[in-house]
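Following: one structure in structure tokens, then a few remarks.
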Amino acid sequence: MEVFNHKSSSSSSICSFFAFALLGLLLLITTPLATAKVHSHHFVIQATPVKRLCKTHNTITVNGMYPGPTLEVENGDTLVVNVVNRARYNVTIHWHGVRQMRSAWADGPEFVTQCPIRPGRSYTYRFTIQGQEGTLWWHAHSSWLRATVYGALIIRPKQGDSYPFPKPHRETPLLLGEWWDANPIDVVREATRTGAAPNVSDAYTVNGQPGDQYTCSSKDTVVVPMKSGETNLLRVVNSALNQELFFKVANHKMTVVGADASYLKPFTASVIMLGPGQTTDVLITADQPANRYHIAARAYQSAQGASFDNTTTTAVLQYESAACSSRGKCTSQNQKPVSAVMPAFNDTATATAFTTSLRSPKRVETVPTKIDHDLFFTVGLGLNRCPRGARARNCQGPNGTRFTASMNNVSFVLPSNFSLLQAHQQGIPGVFTTDFPARPARQFDYTGNVSRSLWQPSRGTKVYRLKYGETVQVVLQGTSIFTAENHPIHLHGYDFYIVAEGFGNFDRRKDTAKFNLVDPPLRNTASVPVGGWAVIRFVADNPGVWLMHCHLDVHITWGLAMAFLVENGVGELQTLQPPPPDLPVC
Ligand SMILES: *[C@@H]1O[C@H](CO)[C@@H](O)[C@H](O)[C@H]1NC(C)=O
Ligand SMILES: *[C@@H]1O[C@H](CO)[C@@H](O)[C@H](O)[C@H]1NC(C)=O
Ligand SMILES: *[C@@H]1O[C@H](CO)[C@@H](O)[C@H](O)[C@H]1NC(C)=O
Ligand SMILES: *[C@@H]1O[C@H](CO)[C@@H](O)[C@H](O)[C@H]1NC(C)=O
Ligand SMILES: *[C@@H]1O[C@H](CO)[C@@H](O)[C@H](O)[C@H]1NC(C)=O
Ligand SMILES: *[C@@H]1O[C@H](CO)[C@@H](O)[C@H](O)[C@H]1NC(C)=O
Ligand SMILES: *[C@@H]1O[C@H](CO)[C@@H](O)[C@H](O)[C@H]1NC(C)=O
Ligand SMILES: *[C@@H]1O[C@H](CO)[C@@H](O)[C@H](O)[C@H]1NC(C)=O
Ligand SMILES: [Cu+2]
């Protein structure tokens with residue numbers, strides 16, 4: 001097993017100007033040291049035996065850890081992560097939610113910002129965290145490897161800054177994952193071959209452990225210790241592949257303080273909902289009788305009729321009484337935890353009550369009000385008819401079809417000879433086209449009974465071009481083709497304001513009046529309500545090629561994606577950095 005390597009060192013900023021050096025000296029003398037750090041990490045992607053649900057699998061991990069290492073930095077710090085691929089699959093790593101200002105080469109989605117790191121090769125990701133605080137995470141962005149290749153990225157305030165809430169006594173990252181009693185790569189390959197929906201998972205996990213509701217798992221259930229009266233900042237991440245999740249702590253109220261590494265106006269909730277990709281920071285206070293309480297997550301399943309993993313993962317919130325805390329263990333270890341009553345799987349009302357409660361902490365001045373690109377994107381599934389002569393075993397979708405998915409009726413196809421970013425930066429023709437439609441070619445009742453003639457999208461590698469600094473609004477409209485479903489739509493390289501969401505067809509005249517341009521939440525992943533819509537706004541201030549996609553991996557596999565190409569602006573600070581010398585090419 002690889003030894004996990006972690007070293008941190010202060011960055012030496014090379015400054016040739018004498019005056020600046022002098023100023024630096026003066027600052028050193030007069031202010032406390034608050035230099036940004038450089039954190040170097042070594043990630044070895046490798047197969048490791050992992051036993052869950054009574055069975056051992058040769059699981060792809062980082063440094064033999066499942067989940068992978070937690071990275072902890074401060075706002076302003078730089079990460080240098082050397083990724084060595086010792087697995088038998090292509091791999092890339094995505095730093096989910098990191099803005100990657102001018103460093104798109106380090107973003108990670110395969111064939112978008114880089115070609116994959118092939119077996120035996122390596123690549124070093126270098127990027128700086130700028131103006132983000134809270135919880136993010138990292139994950140593989142190649143096939144379905146992120147099922148097991150993921151970990152937390154915790155960004156604390158700079159030295160001298162503090163949280164906008166009382167400093168918690170403890171902080172606990174809780175990564176919610178999804179486990180197959182199979183090789184996840186085999187699962188997606190089988191689905192791609194047959195055209196059918198992939199097998200659902202066999203368990204959800206908290207920090208890699210299914211918990212006490214599953215076979216062979218009870219003794220390894222994750223325990224979160226707390227002392228009466230203490231406050232714990234739970235950093236909850238939905239790292240599941242294909243499922244929105246409800247999350248709850250039995251008998252404890254949560255104060256929601258952040259999401260996707262942006263702070264929120266605090267509010268109280270007894271249950272929260274996270275789509276894959278989303279993070280939520282909550283404070284809980286140990287204000288209940290000393291006991292053991294379930295921390296639980298299970299599916300929010302918005303699509304009707306589809307099969308899904310209906311199991312429940314648990315961890316245990318365990319009060320330490322003063323007498324036993326010094327030894328770290330309590331005698332009540334075997335006591336059955338108080339269970340959490342979860343919402344019904346299809347409780348859209350609870351999911352909506354949560355997402356519509358999110359607000360920025362105070363009035364935000366940076367919500368774009370003058371819009372340069374007013375876009376309308378449909379998001380949803382489709383079915384491809386099988387061509388005459390196709391084998392039945394390759395057409396095992398509903399009624400002999402194959403599943404597909406699209407945005408504005410374009411099912412996204414990744415290139416295979418160049419990454420989109422490299423093709424853009426080096427002017428290589430023939431890799432993509434810039435004609436992604438600003439609105440659907442055909443309008444129809446998106447949430448009604450959609451004519452069969454509209455179910456099959458076209459395929460393409462189309463991007464939507466933006467000039468540096470332009471303002472963008474996107475109405476994300478779910479369709480009911482095959483089934484209506486909540487889609488967690490993630491945009492790379494940006495945070496966006498979610499100014500509104502609703503059900504039914506977006507009605508520009510009526511719904512525009514409801515936009516929150518005062519204190520909308522800032523996120524990187526929006527939950528587009530089932531049979532409804534969400535409206536996002538952002539400023540195109542980060543040059544590069546940025547994937548926008550559904551974070552249900554089954555949907556991105558089917559093509560529910562597109563990309564924005566953001567041109568350089570004027571001068572160095574508005575220009576994409578040159579590609580690193582070790583950038584993997586195809
Ligand atoms: C998917 O599930 C079916 C039915 O349980 C099983 O036969 C098949 O082996 C599974 N596929 C994979 C890749 O695990
Ligand atoms: C989950 O689904 C199975 C069958 O698919 C069913 O037997 C079981 O009762 C369900 N469990 C819950 C908690 O709904
Ligand atoms: C949710 O599912 C239950 C059955 O489990 C059903 O009775 C109810 O109508 C469903 N609600 C919605 C909103 O689909
Ligand atoms: C499959 O075919 C049956 C029978 O013709 C029909 O009732 C059903 O709606 C079809 N389902 C889909 C998803 O096309
Ligand atoms: C890259 O692949 C595309 C699609 O297969 C092809 O059309 C294009 O010519 C290729 N470009 C180069 C430079 O090989
Ligand atoms: C949906 O529309 C088709 C015709 O486009 C019609 O045959 C069918 O009965 C409709 N189904 C429902 C449930 O309205
Ligand atoms: C999508 O494009 C295909 C191919 O041009 C067409 O058959 C289909 O009707 C279109 N669907 C929609 C929703 O526009
Ligand atoms: C791995 O990536 C290379 C491009 O860098 C590609 O040619 C190859 O097909 C990929 N292998 C798999 C198994 O996807
Ligand atoms: Cu989706």
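When a ligand or atom number is given, it counts from 1 through the structure's own listing order.
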For this session: Compute the angle centred on the Cu ion (ligand 9) spanning ND1 of H555 and ND1 of H487, and express it rounded to 10 degrees.
Result: 100°

Exercise. So does R189 pair up with D186, basic N to acidic O under 4.0 Å?
Worked result: no

For this session: Look up atom 14 (O) of ligand 4 and tell me if a protein heavy atom lies less than 4.0 Å from it?
Result: yes

Exercise. Side chains of L174 and N207: does their closest heavy-atom pair fall under 4.5 Å?
Worked result: yes

Exercise. Does the protein place any heavy atom closer than 4.0 Å to atom 4 (C) of ligand 1?
Worked result: no

Exercise. Do any non-hydrogen protein atoms sit less than 4.0 Å from atom 10 (C) of ligand 4?
Worked result: yes

Exercise. Is the distance from the Cu ion (ligand 9) to the nearest N/O/S atom of H551 under 2.8 Å?
Worked result: no

Exercise. For ligand 1, which atoms sit closer than 4.0 Å to a heavy atom of A182?
Worked result: 14 (O)

Problem set entry | Ring centers of F538, Y497 separated by less than 6.0 Å | no

For this session: Give a yes or no on whether a salt bridge exists between D495 and R523, defined as a side-chain N under 4.0 angstrom from a carboxylate O.
Result: no

For this session: Can you sort out which atoms of ligand 4 are near P398, meaning under 4.0 Å from one of its heavy atoms?
Result: 13 (C)

For this session: Answer yes when R508 and D374 have at least one side-chain N-carboxylate O distance shorter than 4.0 Å, and no when they do not.
Result: yes

For this session: Look at R99 together with D541 and state whether they make a salt bridge at an N to O cut-off of under 4.0 Å.
Result: yes

Exercise. Is any N or O atom of N199, backbone or side chain, closer than 3.5 Å to an N or O atom of ligand 1?
Worked result: yes

